[in-house]
Amino acid sequence: MEKVGKKLAVLVGCNYENTPYRLHGCHNDVLAMRDVLVNRFGFDSQHIELLMDKSGSPIMPTGINIKKALNKMVDEAEQGDILYFHFSGHGTLTGKKNQEEAIIPFDFNYITNVDIRKIVNRVPQGATFTILSDSCHSGGLIDKEKEQIGPSHHKPKNQEFEKNSNNYVSVPNKSESASKCYYSKSKFIPHETILEHLTSLTNINTSNIGTHMLQLFGNDASVMFSLPQLELDLWKPLKQDEGILLSGCQANEECQDVGGIENENQAYGAFSHAILLVLEKNCGPISYKELVMKSRYVLENDEHIKTQHPCLYCSDENAQALFLSQG
């Protein structure tokens, strides 16, 4: 009999409260996803680690705390296990040249695509590691992962599902939402803004962001800033791996934080919200590829969202596999 594995999750929501970079929907995103993981996908709440940057949180979502949680989850993983990481917050690119994708923890200690690749490479054979990143420039967040849906493999709008209207997810039309006041804010902090912020902390006059990161965070900074390129290249996947990335947008795009201005409980990340809508509409099993294509449809038909195209990066086999299912 095939072994039924554990289901483990790390959920991170960063609203960056009391900073100029404030978002509003990221806590709501991970709280809503936690409920879906427990009630639909059979996750044990005791096996879900929740990190949010709200007052009184026992563990803040700093760079080192997020990486510790992810590494702990991988350390506990065995064949047949399902691992899930959900990040809702700001994203960025690491610089003007040789740009690489990164998510921005509460303390600005970047977690880069190279850090994520290092973690994915440790996942045991027969386990899967799904990452959903609702952050700007998140396409390609697992370094060197194969693109399934993205800039190079994007079918014309709605082509894949146009023959079956049941595949569509209804979104509010203009008359339904006209009475509400919405904001839409990019989940992106420009490289120059972050460089200015870090310089104010280190008092070092350099445009090399790695220098600032190493000064502030030492060995806890991204390995991208401390290892030579030759060693980083050794982390390329040598064979098909079990990393699966659902990104809220392409590497050159920005995700949106959306919601009712008058009530923060109505705020949400556009991609997280789209995924939840698709799962609500489709009660049965759904593949990773279907889930991402349908979330694209939701965002294409939401008047509050600027251009944002979710992507899927994984092996050919995992693209057709069922979302968060051993099936």
* Asked: Got a sec, which pairs hit side-chain hydrogen bond (donor to acceptor under 3.5 Å, both in side chains) with one end in residues 63-77, sequence neighbours left out?
  ->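 The answer is Thr62-Asn65, Asn71-Arg122, Lys72-Glu76, Asp75-Arg122.
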Sorted by chain and number, sequence neighbours left out, side-chain hydrogen bond (donor to acceptor under 3.5 Å, both in side chains) with Thr202 holds for His212
Could you walk me through whether Lys289 and Ile149 pass side chain to side chain contact (heavy atoms under 4.5 Å, CB included), step by step? CA-CA 8 Å; Lys289 189 172 184 179; Ile149 300 172; 3.8 Å; yes
Side-chain donor/acceptor of [X] to backbone N/O of [Y], under 3.5 Å:
X      : Y      : result
Asn318 : Gly243 : no
Asp257 : His24  : yes
Gln308 : Gly248 : yes
Arg40  : Leu279 : yes

Those residues at least two apart in sequence (or on a different chain) that pass ring-ring contact (aromatic ring centres under 6.0 Å, His included) with His47 are none
**Study point:** Pairing of Asp81 and Lys6 as salt bridge, 4.0 angstrom limit
**Key:**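 So Asp81 pairs with Lys6 through a salt bridge.
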**Report entry** Salt-bridge contact Asp143-Lys118 (side-chain N to carboxylate O under 4.0 Å)
**Finding:** no
Using the six-membered ring wherever Trp is involved, compare the ring planes of [X] and [Y] and label them parallel, tilted or perpendicular (cut-offs 30° and 60°).
X      : Y     : answer
Phe129 : Phe85 : tilted
Phe323 : Phe41 : perpendicular
Tyr84  : Phe43 : perpendicular

Discussion item. Could you walk me through whether Lys187 and Asp134 satisfy the salt bridge (Lys or Arg N to Asp or Glu O under 4.0 Å) test, starting with their C-alpha distance in whole Å, then the side-chain angles of each, then the deciding distance to 0.1 Å, before giving a yes or no?
Written reply: CA-CA 8 Å; Lys187 302 174 87 168; Asp134 191 348; 3.4 Å; yes
Going by distance alone, is a donor N or O of one side chain under 3.5 Å from an acceptor N or O of the other, for [X] and [Y]?
X      : Y      : result
Ser287 : Glu290 : yes
His309 : Glu253 : yes
Thr128 : Glu242 : no
Arg117 : Asn113 : no
His273 : Asn28  : no
Ser222 : Thr112 : yes
Lys294 : Asn282 : yes
Ser272 : His86  : yes
Tyr288 : Thr130 : yes

Quick one: closest heavy-atom pair of [X] and [Y], and the distance?
X      : Y      : value
Phe225 : Met213 : CE1-CG, 3.7 Å
Ile275 : Leu246 : CD1-CD2, 4.3 Å
Ala221 : Leu214 : CB-CD2, 4.0 Å
Tyr16  : Pro105 : CE2-O, 3.7 Å
Ala319 : Cys314 : N-SG, 3.4 Å
Ala270 : Leu299 : O-CD2, 3.6 Å

Rounded to the nearest 0.5 Å, how far does [atom2] of [Y] lie from [atom1] of [X]?
X      : Y      : atom1 : atom2 : value
His27  : Leu51  : NE2   : CG    : 10.5 Å
Thr206 : Leu198 : OG1   : CG    : 11.5 Å
Gln148 : Ser315 : CD    : OG    : 7.0 Å
Ile189 : Ile194 : CD1   : CD1   : 5.0 Å
Glu254 : Ser138 : CD    : OG    : 11.0 Å
Leu23  : Cys14  : CG    : SG    : 9.0 Å

Check your understanding: Given Ser207 and Leu195, is the side chain to side chain contact (heavy atoms under 4.5 Å, CB included) satisfied, shown in steps?
Key -> CA-CA 7 Å; Ser207 60; Leu195 187 59; 4.0 Å; yes
Discussion item. Around atom CG of Asn205, are there more than 12 heavy atoms from other residues, nucleotides or ligands closer than 6.0 Å?
Written reply: no
Cluster link Leu291 to Val30, ILVMFWY, side chain under 4.5 Å: yes
Are Met60 and Tyr110 linked, directly or through intermediate hydrophobic residues, by side-chain heavy-atom contacts shorter than 4.5 Å (ILVMFWY only)?
no
Yes or no on side chain to side chain contact (heavy atoms under 4.5 Å, CB included) for His90 and Ile103, after CA distance, side-chain angles and deciding distance? CA-CA 6 Å; His90 280 300; Ile103 57 176; over 6 Å; no
From the list Leu83, Leu70, Ile111, side chain to side chain contact (heavy atoms under 4.5 Å, CB included) with Ile119 holds only for Leu70
